[in-house]
There are 2 protein chains.
Amino acid sequence: MNIVSLLKEKGFRVTKPRLEIIKVLSNYPLSAEEIHDALDKKNIRVDLASVYRSLELFVKMSVVYSIELGEGKKRYELVNKNYHHHHLICNKCGTIEDVEMNEINFDKKINEKSKFLIDHHHLEFFGLCQDCQ
Amino acid sequence: MNIVSLLKEKGFRVTKPRLEIIKVLSNYPLSAEEIHDALDKKNIRVDLASVYRSLELFVKMSVVYSIELGEGKKRYELVNKNYHHHHLICNKCGTIEDVEMNEINFDKKINEKSKFLIDHHHLEFFGLCQDCQ
DNA sequence: AGTATTATTGCAAATTAGTTGCAATATGTC
DNA sequence: GACATATTGCAACTAATTTGCAATAATACT
Ligand SMILES: [Mn+2]
Ligand SMILES: [Mn+2]
Ligand SMILES: [Zn+2]
Ligand SMILES: [Zn+2]
């Protein structure tokens with residue numbers, strides 16, 4: 001389902017800032033500042049506070065999710081049910097790559113052996129990218 | 001090896017703040033503020049800036065490691081080679097539980113199929129603890 | 001389309017986590 | 001104990017994020 005219907009469906013307004021923010025997001029995790037800069041380069045003026053507010057809404061709507069990669073700030077990606085992946089973060093240059101590991105179903109595994117009910121997980125790998133080794 | 005020898009070995013001074021900070025750490029991840037408060041309750045006065053500086057040193061020494069659980073701040077745990085575990089974080093009450101998953105060796109798996117050289121990983125599960133379900 | 005209602009935005013100020021400069025202090029060495 | 005200097009406390013600072021509020025824009029209703 002697309003963002004316009006999702007917003008309408010839940011009674012939220014379809015605004016330019018919201019639509020433009022969604023457009024710059026992908027499966028590559030961007031910080032709020034980077035999203036803001038990306039919009040700036042497209043000559044789209046959205047206040048940083050509004051970027052934060054939109055992201056907060058999108059996270060609540062499960063359209064976007066946030067991860068923290070040890071940098072002291074959050075990064076945001078589009079939720080994509082068909083592309084379950086994790087990240088490889090280079091300790092040296094900071095490059096972020098994707099890894100798919102669809103062969104293991106952690107959540108189920110945990111839900112079987114523990115009374116904790118898993119909704120989702122974050123798995124991040126830290127090391128050296130090919131160039132930095 | 002204990003912290004006193006480790007500090008001496010690397011030419012760092014064995015100071016009261018450092019020793020006391022290590023004492024309040026465990027396998028339960030605490031924020032800098034919480035560490036500071038824990039010391040306060042023991043009537044040990046260590047400046048928050050010193051807490052941050054000690055933690056930074058301990059992380060560099062690989063005695064402590066930090067994780068981020070989506071709260072916008074770091075949490076610190078003692079490194080324990082014999083107890084490889086991950087966390088279950090309750091979305092409702094914020095409780096943090098440990099999970100062991102020693103049966104899978106992700107890092108090796110990734111290193112086999114990718115050119116990225118993994119050093120370590122963070123795996124955190126988010127959901128509802130027993131009480132909050 | 002024009003107007004009314006109110007959610008959302010921009011802007012500035014505030015807050016929180018973490019960092020830094022520097023003088024005072026404590027640790028390790030002789 | 002005295003000396004050299006690493007570490008600390010304190011205050012000021014920065015970066016990320018949040019918040020209050022008036023201005024604006026999106027939907028609902030003629
Ligand atoms: Mn990604
Ligand atoms: Mn733990
Ligand atoms: Zn790299
Ligand atoms: Zn709970």
Side-chain angles (χ1 to χ4, degrees), chain A residues 2-24 29-40 42-61 63-76 94, chain B residues 2-24 29-40 42-61 63-76 94:
Chain A
N2 71 106
I3 192 68
V4 174
S5 338
L6 276 171
L7 285 168
K8 284 187 175 164
E9 196 176 274
K10 310 211 182 181
F12 296 118
R13 293 186 179 175
V14 179
T15 68
K16 186 165 187 204
R18 286 177 181 160
L19 296 179
E20 295 296 347
I21 288 164
I22 284 288
K23 277 195 218 158
V24 303
L30 296 175
S31 67
E33 192 89 42
E34 286 170 347
I35 293 165
H36 185 252
D37 290 353
L39 292 172
D40 238 45
K42 295 174 79 179
N43 286 315
I44 297 159
R45 206 36 353 262
V46 177
D47 194 80
L48 187 56
S50 304
V51 172
Y52 276 110
R53 281 186 281 225
S54 294
L55 289 170
E56 188 188 31
L57 176 71
F58 293 152
V59 168
K60 252 178 237 146
M61 290 171 67
V63 173
V64 163
Y65 73 100
S66 76
I67 52 170
E68 285 175 283
L69 273 25
E71 311 158 296
K73 67 186 165 198
K74 292 185 181 175
R75 290 182 169 273
Y76 303 83
Chain B
N2 70 107
I3 192 67
V4 175
S5 337
L6 277 171
L7 285 169
K8 284 188 174 164
E9 196 177 275
K10 309 210 185 185
F12 297 118
R13 293 186 178 174
V14 178
T15 68
K16 185 163 189 207
R18 285 176 181 163
L19 296 179
E20 296 295 348
I21 288 164
I22 284 288
K23 277 195 218 159
V24 304
L30 295 175
S31 68
E33 193 89 44
E34 287 170 346
I35 292 165
H36 185 252
D37 290 353
L39 292 172
D40 238 44
K42 295 174 77 178
N43 286 315
I44 298 159
R45 237 287 99 235
V46 177
D47 193 82
L48 186 56
S50 303
V51 172
Y52 277 111
R53 281 186 282 226
S54 293
L55 289 170
E56 187 188 31
L57 177 70
F58 293 151
V59 169
K60 251 178 237 147
M61 289 170 68
V63 173
V64 163
Y65 73 98
S66 75
I67 51 171
E68 285 175 284
L69 273 26
E71 312 158 296
K73 66 187 166 195
K74 291 186 182 176
R75 291 183 169 272
Y76 302 84

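Since the structure is predicted, the reported quantities are computational estimates derived from the model, not experimental observations. Scope of the values below: all heavy atoms of this structure, side chains included, with no hydrogens, waters or symmetry mates. Quick note on labels: first sequence line is chain A, next is B, and so on, each numbered from 1.
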Mind checking the [atom1]-[atom2] spacing from [X] to [Y]? Nearest 0.5 Å is all I need.
X       : Y       : atom1 : atom2 : answer
A:Ser31 : A:Asp37 : OG    : CG    : 7.5 Å
B:Lys10 : B:Lys60 : NZ    : NZ    : 11.5 Å
A:Arg53 : A:Asp47 : CZ    : CG    : 7.5 Å
A:Glu9  : A:Asn2  : CD    : CG    : 10.0 Å

Expressed in angstrom and rounded to an integer, what is the separation of [X] atom [atom1] from [N] atom [atom2]?
X       : N      : atom1 : atom2 : result
A:His36 : C:dG10 : NE2   : C1'   : 10 Å
B:Arg18 : D:dA6  : CZ    : P     : 11 Å
B:Ile35 : C:dA17 : CD1   : C1'   : 13 Å
B:Glu20 : D:dT7  : CD    : C1'   : 16 Å
A:Lys10 : D:dT27 : NZ    : P     : 17 Å
A:Arg45 : D:dA23 : CZ    : C1'   : 16 Å
B:Lys8  : C:dG28 : NZ    : P     : 6 Å
A:Glu68 : D:dA15 : CD    : C1'   : 14 Å

Quiz item: If each of B:Val14 and A:Pro17 is mapped to the nucleotide of DNA chain C with the nearest heavy atom, which maps nearer the 5' terminus, i.e. the 5' end?
Solution: A:Pro17

Quiz item: Below 4.0 angstrom from OP1 or OP2 of C:dT27, is there any side-chain N or O of B:Thr15?
Solution: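 For C:dT27, OP1/OP2 do not have a side-chain N/O of B:Thr15 under 4.0 Å.
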
Quiz item: Should we count NZ of B:Lys42 as having more than 12 external heavy atoms under 6.0 Å?
Solution: yes

Self-check item: Salt bridge flag under 4.0 Å for residues A:Lys74 and B:Glu68
Solution: no

Quiz item: Are B:Leu55 and B:Ile35 close enough, and set up right, to give a side-chain contact (heavy atoms from CB on, under 4.5 Å), and what steps lead you there?
Solution: CA-CA 10 Å; B:Leu55 289 170; B:Ile35 292 165; 3.8 Å; yes

Review item, nucleotides 16-20 of chain D N/O atoms under 3.5 Å of protein N/O:
unit_1 : atom_1 : unit_2  : atom_2 : d
D:dT17 : OP1    : A:Lys74 : N      : 2.8
D:dT17 : OP2    : A:Tyr52 : OH     : 2.4
D:dT17 : O5'    : A:Tyr52 : OH     : 3.3
D:dG20 : O6     : A:Arg53 : NH1    : 3.3

Quiz prompt | Side-chain donor/acceptor contact of B:Arg13 with base of D:dT5 under 3.5 Å | solution =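 Result: at least one qualifying N/O pair found.
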
